[in-house]
Structure formats: structure tokens, C-alpha cells
2 protein chains.
Amino acid sequence: MGKPTISDVARLAGVSTATVSRALTGSLPVREHVKEQVQAAADSLGYAANSIARALRQERTTNVGMIVPDLSNPFFTLLVEGVEHRLQDLQISLLLCSSHGDVTIEAERLRSLQRSQVEVVLISPTHEFESAHALKTIARTVPLIQIDQFADGVETDWVGLDDALAMRTLIQHVVERGARTAAYIGGSATDSSARSRLDAARAECLRQGVALDEQNVLLGSVTIAGGEAASQRLSESGALPDVVICGADVIAYGVLQGFDRLGIKVPADVMVTGFDDIAFSALTRLSLTTIRQPIDAIAEAAVSVVQNLMGDAPPRPPHRSVLQPELIVRDSTNRVA
Amino acid sequence: MGKPTISDVARLAGVSTATVSRALTGSLPVREHVKEQVQAAADSLGYAANSIARALRQERTTNVGMIVPDLSNPFFTLLVEGVEHRLQDLQISLLLCSSHGDVTIEAERLRSLQRSQVEVVLISPTHEFESAHALKTIARTVPLIQIDQFADGVETDWVGLDDALAMRTLIQHVVERGARTAAYIGGSATDSSARSRLDAARAECLRQGVALDEQNVLLGSVTIAGGEAASQRLSESGALPDVVICGADVIAYGVLQGFDRLGIKVPADVMVTGFDDIAFSALTRLSLTTIRQPIDAIAEAAVSVVQNLMGDAPPRPPHRSVLQPELIVRDSTNRVA
DNA sequence: GTGAAAGCGCTAACAA
DNA sequence: TTGTTAGCGCTTTCAC
């Protein structure tokens, strides 16, 4: 009545359970005709090996866990999809968790994944500092790969974008289009990418001779509303800068909308840039110049580390895969110098 | 060196493994001071029960699987997030798969979940007819819950929206705003919700005296580009209808954009409605009248069925949870009759 | 190339 | 209330 087991197959095929195991997994050679017999018996019973029993015996599963801060953010969604797809090709199951941007939930999910005996955890930590403790604890028992963001002092593998190079490329572009003054609108700097992008923007403005007044650095929430509010504040504070650099596309779309409402013309009165290249361009009247996150390449790099970690290769020191950004020039900076 | 096992705890606490199991799980009463001793021993060793061994012994896991067609669609993303959140509260892990809208991949994922010994599978089948075979096969060994969409002839639990009521409400609204003629733009009817929405639209137009010419029924891809292309065709085919009913918000946004480019004014020249209420309204100049999918309620209903199925309740016939749609009136139908 | 048998870590049945 | 023991389904020695 219950599901067929390996002994059922063995009995039907007239061999031992060991032979069934070998025939089906190919772990050891089995005579051709025996193999066929076993296969036939398995098929006729609709047998599928119980992965629980296999995992117990082998002391390893084929599960990996993944924790992202926010599934309503297309960046993470696409990342999850890219990872899922590649893992399935490797016959690895994905246990997905969302931390909802909450460090407490994040810690809970980590423990839950640990109980599930996952082989590797992929995580985009939600807070640069507060996530660190839980991550360090878990990292003692299961290999971690940090993606995009990272937690302070947690030495694990990491896959992400070269934010510094991205900002350099971006600022070089707007300088070529005549920018001499800039504003920066970003997320409050509690996650590592928000901070690293801001740091990079500051450094590059300095290096390339663009004035970025501290009062023109506005940090808030990474949402359309946050961007719109910031554009409002910016317009009230006197002269507009040549360019508004946004730390994320959603912010930039809010800024575009805010300027539109205020009758400020982009790019004629002010240029605007984004970061991420989420697929909203098709929705808006004015297309956005931005930095494309190579999401698929990030997923690929992450999964390749997973393979590495799950293989029998000897332990190695943590490795950082730094991916190259791509500048996408569109209308929001379409201005002659 | 390896992870501590129950025998390590038992030895340290000076009791049997059975007592440790009882003390830690609470499956049977244990004397208070013994319990404390066991707890202390477990803590000091950093012991966490091996869920693989437990699952093998109990012949049940705490995993459920979920298969959605497309993670770039916010509807499914939000659904996944809602489900994940509630399952975690129940200490259930979520194995997530994407079928990428492909029946072959879908079948593969189903088998993968079966191997993982999930207790329940939540699925939004990608094709009304072609998904049926694989679903029926799997349903013999593991309980299925279909969400939103369903496969033809697969009798399982189902959670979704009352499409007929939604269309009735929507069409009633545009009739009140003076609509007498309509066009319908939707996805090609290979998934069950595309078909059921179109059927409902046809029926309601008939019932409420709105003319819906077959040549004004345009089926294509559920994307912004698809909507834009359809709006183009519509404008070329002569007189515009009073209202363009779209089977999904993304289509409607494409239509809005198409009309904008053609100099056609919404809602003055033509009204437009969507379906889903995805959160793009903030991005666009003109807000969209639409039907809100109660995603959170769908997730809640689905998880409550999961609980039901995983509890020890006796088997019961498949149950359909039909949720109520909500009409969201915004600017795209803001016209006096 | 094949079979017999042990054992992965846990819990449930049975005894005490 | 507690301990002893068997066994979940599989893979992997160790013999042959």
C-alpha cells in the first residue's frame, strides 16, 4: 500500500538490495542484463529512491538554503529564479526563505535551514552589522555564500558587483555629459550595498571633480515614495545640481515622477541616474540611464561556488567573485555637454 | 568532531536516548530535573536534532513544495512570500521551484519534489491541458493544492479567485460609467485563468448589454509589449470601443502606454481596466482601475489547507476555496456616464 | 559482479 | 517515568 522500497524492487528482480542500489545509482558496475531487470522492476513498481534514507546513510543531503531580504524586490526575485534553475539542473533542491528585512527573522531562518541539514546557505544579509552574529554562528556548521550584500567581519565566500567600478563608470558618463555638481539619493546605509555605493559615489565625485555637497546627500527608504520625497526636498533647497545619482532604480523612478510633478524637465534641467536596471523602463515615459546588475552572472557564479563547496574538493579559503557592472545609457542623461 | 548525536547527549546527561528524545520533543512526560539535565547537556554540546533521521523514522518530513510558472510575475512572487512566511511560523520548510511556463520543466520539478519527500505540493499549473498528465500522476502519491490556475480534470484542493464575480463587478462599474462597447485584451488562453477571465468577460458583457465583438478580442502575450501591440491593432481597426478590458495589469499598462503614444486620451477617449493590481501604479502618470487579487488571503487559505492535509485528520474530498475579488477604482475609468 | 549484514540518528512499542 | 530494543530505507564495507 505504501510506497515501494528498495526491497520490493530487489524481490521482484530476484537480486539483493545492494545490487538494486548499484544498478540504479551506477555507483558500481552491474552486469548489463541484471541492470535491465532491475530497471524494469523499478519501473513497474513506480519506485523512486527515498532521498531521506539516502541522506541519512550518506550523511549528506542535496538541499541548499537561500535567504533573501525581500521577495518584492525584482533584483532578488530574478536572483532566486536564476539560482533555482541552475540548482535543479544539478538535482539540488532549493529551500527558500525571506527575512523580510528583519534581523530576528533572518536568524530564525538560519536555524531552520540548519535543522533541515542543508549543505550550503546562500544569503544576502539584511543588515551590515546586526546580521553578523547569527551568520558567524551558523558559519561554523554549514558553508555560507554571501550574495550582493555582506555582513561585517563574516569571512565567507562572496559574490557581487564591483560597486566602485560601477560608480566610476557612471560618473565618468555624466561628467562627459557636462555634470559638474551632483546630488546623491540612496537607502539609509544599514545594508552593505547602500553604504558601499554611497562611499563609491563620494570617492568618484571627488576624483573626477564633481561637487557633491553633504547637504545634497539624502538617505531614506529604497522605494518610489522615498525617491519622490527626496526630489521634493532637493527642489526646495535652492539650485538644482547637474545630476541626481540614485542608489537604486526604484528611487530613481520616484525622483523622475517627483520632478515631473514639479515641472522640472529631465534631462534638460537635471540628469537622473539609477542603479540595478530593473525592468520598469517599458512602463515609464522617460527611460532611465542606469547600471545593470548582471543578475544571471551572479546566480551562475553563486551556483558554481555551491558546486565547489558540495564537491569533495578540500576546504579552501573564502573566495570573492567580483562581477563587472554594465552602464546602460538611456534618455535620462541624454544631454550634450 | 562531527555534529553531536542524541547518544552524545544521552551519555553526557546519564540517561537513555529515548529519554533525551522525550525530554527534547515533549512527546512523553519526563521528570522535571531530568529534563533540565538533558537540556543542559544538549545546550553544552550545541545539539540540534537531525531532521533527516527523524523524518526517516517518522515517515514524514516537514517540507512542502511549491511550483509557480514565473517568478518575474509579482503576483506569484507575493504569493510565494505570503506562503513562505506562514509556513515558517508552522516550522515547515518551503522547497521552491519555478516551471518557467514550461510543461516539461514542470513535470521534472514535480518528480524532484516527490523525491524530496515533500508532504504537500502547492502548484499553479502552467497549462490548463498539458499540465494535467503530470499532475494526475503525482497526485497519486502526494496531496496537491492548486492555486489560482488549475489543470483540466485534476481533482485536488484549489484556492483562487472568483473570476466570474470579478468580471461582473468590473463590467458593472464601466457600464455605470457609460460603457456600451468593449474590447478584451488577454493572454492566449492556454492557462486556466486566462480562459476563465475571458469566458467571464464574454458572459458578463452579454448579460449587461455591452457589445463585445469577436474581432475586438485580442489574445497575445501577458506582457507590457503585448498590451502595447494590441492597443496599436485596436486603434487601426476603426472606431474605438468605450472600454478596453485587459486580462492582466501588465497588459493594461502596455495599452495605456500605447494609447499615450498614439495621442489617444484615457479615460476621455477610451476607458481601460486591468486585473491583478500589481504595484506599478506609483510609477505611471495615470492610475489604473483594476481588480485586486487578495494575494495574502490566497496564501493564507492555501497554508490552512496545508495544515489540514498535514494534520492527522481523515482524508476528505477535494475542497475549493473561492476568494472574493475587490474592485479598485482609479483614474483610467474616471469618466461620467 | 554479487550478496549478507551493519549501521546512519532517531522515535515508538514494549517492558519494567 | 524510564530503559531496551527494533527498525525506518538506504548505501557501503566485507566477503566470496
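Take D296(A) and apply the side chain to side chain contact (heavy atoms under 4.5 Å, CB included) test, not counting sequence neighbours, and it matches R86(A).
At whole-Å resolution of the value, CG in N50(B) and P in dC10(D) are 17 Å apart. Distance, Y47(B) OH to dG9(C) C1': 7 Å, rounded to whole Å. Here the P atom of nucleotide dG9(D) and the CZ atom of R60(B) are 16 Å apart, to the nearest Å. In this structure, R57(B) atom CZ and dT11(C) atom C1' are separated by 5 Å, rounded to whole Å. If you measure from atom CD1 of I6(A) to atom P of dG7(D), you get 18 Å, rounded to the nearest angstrom. Whole-Å rounding puts the R54(B) CZ to dG9(D) C1' distance at 19 Å. Protein atom CD of E32(A) is 16 Å distant from nucleotide atom C1' of dT2(C), rounded to whole Å.
With distances taken from any side-chain atom of A53(B) to the nucleotides dG9(C), dC8(C), dT2(C), the minimum falls on dG9(C). Side-chain proximity of T17(A) to dA5(C), dC10(C), dG9(D): nearest is dA5(C). Taking the side chain of E59(A) as heavy atoms from C-beta on, and the options dT11(D), dC8(C), dC10(C), the nearest nucleotide is dC8(C). Of the listed nucleotides (dC10(C), dA4(C), dT4(D)), dT4(D) has the atom at the smallest distance from the side chain of A18(B).
Residues S131(A) and E106(A) have side chains that bring a donor and an acceptor to within less than 3.5 angstrom of each other.
Environment of CD in Q324(A): crowded, with over 12 heavy atoms of neighbouring residues, nucleotides or ligands closer than 6.0 Å.
Within the 4.5 Å cutoff, the side chain of L113(B) has no heavy atoms near those of the N63(B) side chain.
Residue order along DNA chain C, read from the 5' end via each residue's closest nucleotide, puts L56(B) first among L28(B) and L56(B).
Closest heavy-atom contact between L122(B) and V83(B): CD1-CG1, 3.8 Å.
Put simply, R31(B) has no side-chain N or O that comes within less than 4.0 Å of OP1 or OP2 on dT1(D). The shortest distance between the side-chain N/O atoms of Q58(B) and the OP1/OP2 oxygens of dC8(D) is not below 4.0 Å. Dashed line: the shortest gap from a side-chain N or O of S16(B) to OP1 or OP2 of dT2(D) is not under 4.0 Å. For the OP1/OP2 pair of dG9(D) and a distance below 4.0 Å, the side-chain nitrogens and oxygens of T5(A) include no atom meeting the criterion. Between S21(A) and dC10(D) there is no side-chain polar atom (N or O) within less than 4.0 angstrom of OP1 or OP2.
A49(A) comes within contact range of the sugar-phosphate backbone alone, with a heavy-atom separation under 4.0 Å but no base atom that close. When heavy atoms are screened at a 4.0 angstrom cut-off, T25(A) is found touching the sugar-phosphate backbone but no base atom.
The base of dG3(D) is paired with the side chain of R22(B) by a donor and an acceptor separated by under 3.5 Å.
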